[in-house]
There are 2 protein chains.
Amino acid sequence: MENKRELFQILTRRFVLLNKNCCTAEGIEISTVHSHIIYEIEKQHSPTMQQIADTLAIDVTTFSRQIQTLIKMQLVSKSPSLDDKRFFNLSLTAEGQKLAQSIETSMNAYLDEIFSHMNEFEQETVLRSIKLLNSAMAKSSVCCTPYL
Amino acid sequence: MENKRELFQILTRRFVLLNKNCCTAEGIEISTVHSHIIYEIEKQHSPTMQQIADTLAIDVTTFSRQIQTLIKMQLVSKSPSLDDKRFFNLSLTAEGQKLAQSIETSMNAYLDEIFSHMNEFEQETVLRSIKLLNSAMAKSSVCCTPYL
DNA sequence: GCTATATACTTGCATTTTACAAATAAAAGA
DNA sequence: TCTTTTATTTGTAAAATGCAAGTATATAGC
């Protein structure tokens with residue numbers, strides 16, 4: 001039914017913007033990519049480099065450098081795994097956690113503000129739909145499934 | 001209610017991937033940004049540089065160079081406006097149109113495939129929800145509204 | 001145990017993308 | 001006409017990207 005692509009194009013663009021806006025907090029400004037990395041490191045339990053790179057579908061070499069930057073910024077730390085020294089486990093520093101928390105708070109505020117323009121019923125519907133869409137995309141063979 | 005942010009984070013990531021996948025067609029490979037530019041030039045009626053840059057919330061100077069690239073690739077053409085020579089009107093070349101069409105087709109195929117994992121009712125609900133979300137974001141004061 | 005192969009990650013480039021500041025060029029206003 | 005505004009481009013410098021090749025550790029076959 002009707003113009004799916006247009007709806008998605010606009011939605012995608014708005015998401016990009018939302019993510020651009022999101023990432024200044026605690027006096028630190030980080031890029032969208034960095035914020036996704038931080039989000040994912042916090043979510044996963046001491047993940048390895050490869051894991052996060054895969055999750056975010058970023059080239060590992062690029063990712064390696066991004067982590068270096070985040071380490072320099074003292075937001076992330078990296079320690080070799082004990083049982084297999086090829087692996088490095090990533091975690092957030094205290095500062096990184098604070099930043100993550102801060103971004104989380106402001107993102108939630110943004111989302112709440114956006115949702116405030118809908119009534120209760122619409123809000124529920126939208127959330128349910130996003131879940132549906134996420135799992136449809138997860139099932140999709142053509143796209144969109146890194147390692148989520 | 002419940003974890004909005006996570007849902008959006010995952011959805012955003014999937015969109016990014018979907019857009020990454022989309023953009024090879026007619027033997028030409030273009031970036032996500034370029035595909036958005038082409039999409040928008042086709043949609044708007046001989047828009048100016050500024051208009052597209054604003055729509056996509058891209059810095060104009062960056063945009064200027066992106067257009068130069070697309071012109072070199074013979075996908076876009078640019079001609080000074082007759083009544084005000086400061087403006088340039090953008091349009092797609094025949095090749096550009098073919099590419100746009102091709103991307104449109106494959107994006108629709110992707111979306112259809114994704115939607116095929118839902119039943120009729122769910123599909124309707126999801127589309128309606130995306131519309132709701134789009135217009136909620138449009139109303140939002142905190143983010144996401146370039147010049148759509 | 002030793003060599004070959006695989007895996008996790010990093011570095012060397014070379015290209016592309018980005019964005020601020022300053023320049024150009026055309027219109028509008030005083 | 002002179003000044004200001006608007007649309008676009010260029011200078012430059014930083015950051016992001018990705019392929020190819022490198023290092024280091026683990027595993028497998030003998």
Side-chain angles (χ1 to χ4, degrees), chain A residues 13 16-17 19-21 23-24 28-38 40-41 44-73 75-91 146-147, chain B residues 13 16-17 19-21 23-24 28-38 40-41 44-73 75-91 146-147:
Chain A
R13 198 173 304 150
V16 168
L17 275 180
N19 273 283
K20 264 189 195 160
N21 285 9
C23 306
T24 306
I28 304 169
E29 201 180 329
I30 60 173
S31 67
T32 303
V33 174
H34 284 172
S35 92
H36 273 262
I37 293 174
I38 286 178
E40 222 34 67
I41 291 177
Q44 294 181 31
H45 174 64
S46 66
T48 66
M49 307 272 292
Q50 197 70 250
Q51 269 169 41
I52 302 289
D54 285 348
T55 303
L56 299 175
I58 302 172
D59 184 278
V60 209
T61 72
T62 301
F63 184 72
S64 172
R65 281 181 249 258
Q66 281 163 340
I67 286 294
Q68 284 169 34
T69 307
L70 290 169
I71 289 172
K72 255 183 231 133
M73 295 170 87
L75 299 170
V76 167
S77 73
K78 198 179 91 175
S79 52
S81 168
L82 294 176
D83 32 303
D84 188 332
K85 287 180 204 155
R86 289 172 303 177
F87 292 87
F88 286 86
N89 295 113
L90 299 172
S91 56
Y147 298 81
Chain B
R13 197 173 304 150
V16 168
L17 274 181
N19 274 282
K20 264 190 195 159
N21 284 8
C23 305
T24 306
I28 305 169
E29 201 179 329
I30 60 173
S31 68
T32 302
V33 174
H34 283 171
S35 92
H36 274 260
I37 292 173
I38 287 178
E40 223 33 67
I41 291 177
Q44 294 180 33
H45 175 64
S46 65
T48 66
M49 307 272 294
Q50 197 69 251
Q51 270 171 41
I52 302 289
D54 285 348
T55 303
L56 299 175
I58 302 172
D59 184 278
V60 209
T61 72
T62 301
F63 184 72
S64 171
R65 281 181 245 258
Q66 280 163 340
I67 285 294
Q68 285 169 32
T69 307
L70 289 170
I71 289 172
K72 255 183 231 133
M73 295 171 88
L75 299 171
V76 167
S77 72
K78 198 179 92 175
S79 53
S81 167
L82 294 176
D83 33 303
D84 188 332
K85 286 181 203 152
R86 288 173 304 178
F87 292 89
F88 287 86
N89 294 113
L90 300 172
S91 56
Y147 297 82

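Order of the sequence lines sets the chain letters (A, B, ...), proteins ahead of strands, with each chain counted from 1. What's counted below: heavy atoms across the whole structure, side chains too, no hydrogens, waters or symmetry copies.
Remark: P of C/dT18 and CG of B/L56 are 12 Å apart, rounded to the nearest angstrom. Regarding A/D59, its CG atom lies at a distance of 13 Å from the C1' atom of C/dT11, rounded to whole Å. Spacing between atom CG of A/L90 and atom P of C/dC9 amounts to 8 Å, rounded to whole angstrom units. Taking atom CD1 of B/I37 as the reference point, atom C1' of C/dT17 lies 12 Å away to the nearest angstrom. Per the geometry, CD belonging to A/Q50 stands 11 Å off P belonging to C/dT7, to the nearest Å. Between the CZ atom of A/R86 and the P atom of C/dT10 there is a distance of 14 Å, rounded to whole Å. Rounded to an integer number of Å, the gap from CZ of A/R65 to C1' of C/dT10 is 8 Å. Atom-to-atom, CD1 of A/I52 to P of C/dT10 comes out at 13 Å; the value is rounded to the nearest Å.
Each of A/D83 and B/F87 was matched to the nucleotide of DNA chain D holding its nearest heavy atom; the match closer to the 5' end belongs to B/F87. Place A/I58 and A/K85 on DNA chain D by their nearest nucleotides, and A/I58 ends up nearer the 5' end.
Protein chain B touches strand DNA chain D; the 5'-most and 3'-most nucleotides with an atom under 4.0 angstrom of its non-hydrogen atoms are D/dT5 to D/dT12.
Residues A/I58 and A/H36 form no side-chain contact, since every pair of their non-hydrogen atoms from C-beta on lies 4.5 Å or further apart. The shortest side-chain heavy-atom distance between B/T48 and B/L90 does not fall under the 4.5 Å cut-off. A/K78 has its side chain within reach of A/M49: a pair of non-hydrogen atoms, C-beta onward, lies under 4.5 Å apart. Counting heavy atoms from C-beta on, the side chains of A/L75 and A/H34 never come closer than 4.5 Å.
Across all strands shown, A/F88 has heavy atoms under 4.0 Å from sugar-phosphate atoms exclusively, and none from any base. Residue contacts shown for A/T48 are limited to sugar-phosphate atoms, with no base heavy atom under 4.0 Å away.
When the side-chain nitrogen and oxygen atoms of A/Q51 are compared with OP1 and OP2 of C/dA8, none of them lie within a distance under 4.0 Å. Remark: A/S64 is not in phosphate contact with C/dC9, judged by side-chain N or O atoms under 4.0 Å from OP1 or OP2.
One donor-acceptor pair, N or O on each side, does fall under 3.5 Å between the base of C/dC20 and the side chain of B/T61.
In this structure, the side chain of A/S64 does not engage the main chain of A/V60 through any donor-acceptor pair within 3.5 Å. Using a distance-only test at 3.5 Å, with no hydrogens or angles considered, no donor-acceptor pair links the side chain of A/N19 to the main chain of A/T32.
Residue A/I37 holds its CD1 atom at 5.0 Å from CD1 of A/I67, rounded to the nearest 0.5 Å.
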